[in-house]
Amino acid sequence: MSVEFKDYYATLGVPRDADDDAIKKAFRKSARKYHPDVAKDKKAGEAKFKEINEAHEVLSDPQKRKRYDELGANWKEGAAYQRPTASQQGPRASSGGKTQDFHFGGTGFSDFFEEMFARNGESGFSFEEGGRGAGQSSRSHGGVPGNDVEGDILVTLNEVLHGAVRDISLASTNPQSGQTQSHQFKVRIPAGVAEGQRIRVPGKGGEGFGMAKAGDLYLRVRLAAHPDFQVRGADLYYDLDLAPWESVLGTTAKVPTLTGEVNVRIPPGTNNGQQLRVPKHGLPTGKSGTPGNLYVTVDIQLPKTINDEERALWVKLGQVSTFAARKRA
């Protein structure tokens, strides 16, 4: 099997020597246009966002980026990536001494990503010996239960907020007949699902040998990066840019949330880096659905250029102000 090589640098529109800040800015710029939570045309934006998020997933992680750069250097644009040999590749599950080969769609990650990063438990798919669904009675009759399969599924913050139903496709090769069968099924993503949580799909893992039951599929939740928010548990963090006079005098600023904008009061004398809490505008948690908080982090922006009038005002302020930023000698 061969899959199409993905040029992640081209996807984000950055050079290969781009630093972390350039990658972050490029992702945010594109994600604000295509992210399913913010895009005006959600259907058109969804496919593009998956590409953008995947590129960001790799290029923002030093280890993944290093592997990608080393391996990608051997390709020319448009070249095909040849799947590794059976001893290297995944996902494959053993059943009765033979292997069952899997390919999943609808998880939010491309075939290329799965091929490159499904090794060493980094991402993609892994297997657990002995399917959970099979009992000892199966073994006593010569059957071998199917392996459980674990893989990643990309989940947006909007799906965490409201829950969702995702269409998943599965192509599996029967270890006995060698024939490949395709299946489609729906997976419910519960509201309040957390990063790293596993969603169990019974009977969609490796096939059992003999009369034994199939294993289960476990989809490990990976939260899609958002252009505006950082996620820590159930709390969201948003960087709010302020002008110096807004932090000194105070102001009211509109701040985005996952359900719309809210007005946040900025008290006079707010310092750079100070956090303001907006209660219950984070993500829901577990079955209780209790929402986390939104924390607005102040980032005071200084003008890079000023005109003559502005310069005169700054000079005047420096002359009349009694404020001292440091101890005077």
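Quick caveat, the model's predicted, so the values are computed rather than measured. Basis for what follows: all heavy atoms, side chains included, without hydrogens, waters or symmetry-related copies.
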Q: Indicate yes or no: does R16 engage D69 in a salt bridge with an N to O separation below 4.0 Å.
A: yes
(Q) Could you tell me if the side chain of H281 sits less than 4.5 Å from the side chain of P291, heavy atoms only? (A) no
Q | Taking every non-hydrogen atom, the tightest pair across P202 and D216 | A | CA-OD1, 3.3 Å
Q: Would you check if the distance from the ring center of Y295 to the ring center of Y238 is below 6.0 Å?
A: no
Q) Does any non-hydrogen side-chain atom of K213 lie less than 4.5 Å from one of P145? A) no
Q: Working to the nearest 0.5 Å, report the span between NZ of K29 and CG of L12.
A: 12.0 Å
Q. For residues N53 and Y34, is any side-chain donor paired with an opposing acceptor at under 3.5 Å?
A. no
(Q) Does either side chain, that of R65 or that of Y9, offer a donor lying less than 3.5 Å from an acceptor on the other one? (A) yes
Q | Spacing of I52 atom CD1 and H56 atom NE2 [to the nearest 0.5 Å] | A | 11.0 Å
**Q.** In one Ile/Leu/Val/Met/Phe/Trp/Tyr side-chain cluster, 4.5 Å: V248, L242
**A.** no
(Q) Using every non-hydrogen atom in the two residues, find where L258 and F229 come nearest and quote the distance to one decimal. (A) CD2-CE1, 3.8 Å
Q | Q301 versus D299, side-chain donor and acceptor atoms under 3.5 Å | A | yes
Q) Roughly how far, to the nearest 0.5 Å, is the CD1 atom of I199 from the CG atom of L217? A) 9.5 Å
Q: Indicate the ring-plane relationship of F109 and F113, choosing parallel, tilted or perpendicular according to the 30° and 60° boundaries.
A: parallel
(Q) So L317 and V315, do their side chains get closer than 4.5 Å, heavy atoms only? (A) no
Q.
Check whether T297 reaches the backbone of Q275 with its side chain - one donor and one acceptor, N or O, closer than 3.5 Å.
A. no
Q | Lys/Arg N to Asp/Glu carboxylate O, K24 vs D20, below 4.0 Å | A | no
Q) Take atom CG in D308; do more than 12 heavy atoms of anything else shown fall under 6.0 Å from it? A) no
Q: Taking the side chain as every heavy atom from C-beta outward, state whether N293 and V278 have any pair of such atoms under 4.5 Å apart.
A: no
Q. Side chains of T290 and P284: does their closest heavy-atom pair fall under 4.5 Å?
A. no
**Q.** Test item: E310 side-chain N/O and N307 main-chain N/O as donor-acceptor pair under 3.5 Å
**A.** yes
Q: For the pair Q184 (side chain) and I168 (backbone), establish whether a donor and an acceptor sit closer than 3.5 Å, ignoring hydrogens and angles.
A: no
Q. Within the distance-only criterion (no hydrogens, no angle test), does the side chain of S30 pair as donor or acceptor with the backbone N or O of F27 below 3.5 angstrom?
A. no
**Q.** Side-chain donor or acceptor of E246 paired with backbone N/O of A243 under 3.5 Å
**A.** yes
(Q) Tell me if a side-chain donor or acceptor on N271 pairs with a main-chain N or O of Q274 at a distance below 3.5 Å. (A) no
Q: May I ask you to say whether K66 pairs ionically with D61, meaning some side-chain N is under 4.0 Å from a carboxylate O?
A: no
(Q) What I want to find out is whether E46 reaches K50 closely enough, with some N-O distance under 4.0 Å, to be called a salt bridge. (A) yes
Q. Should R166 and E159 count as side-chain neighbours, where that means a heavy-atom distance under 4.5 Å?
A. yes
(Q) Please find the pair of heavy atoms, one from A31 and one from P227, that lie closest to each other, and give the distance. (A) CB-CB, 3.8 Å
(Q) Rounded at 0.5 Å granularity, tell me how far CD1 in I266 sits from OG1 in T252. (A) 7.5 Å
Q) Are more than 12 heavy atoms from other residues, nucleotides or ligands located less than 6.0 Å from atom CD of E309? A) no
Q) Within a strict 4.5 Å, meaning less than it, do heavy atoms of the T107 and D152 side chains meet? A) no
Q) In terms of the angle between their ring planes, are F5 and F112 parallel, tilted or perpendicular, with boundaries placed at 30° and 60°? A) perpendicular
Q) Below 4.5 Å, heavy atoms only, C-beta onward: do D235 and L283 meet side chain to side chain? A) no
Q. If only atom types and distance count, is the side chain of T251 paired as donor or acceptor with the main-chain N or O of S247 below 3.5 Å?
A. no
Q. Is there a salt bridge (Lys or Arg N to Asp or Glu O under 4.0 Å) between R198 and E150 once you walk through the steps?
A. CA-CA 8 Å; R198 299 197 309 172; E150 181 174 302; 2.5 Å; yes
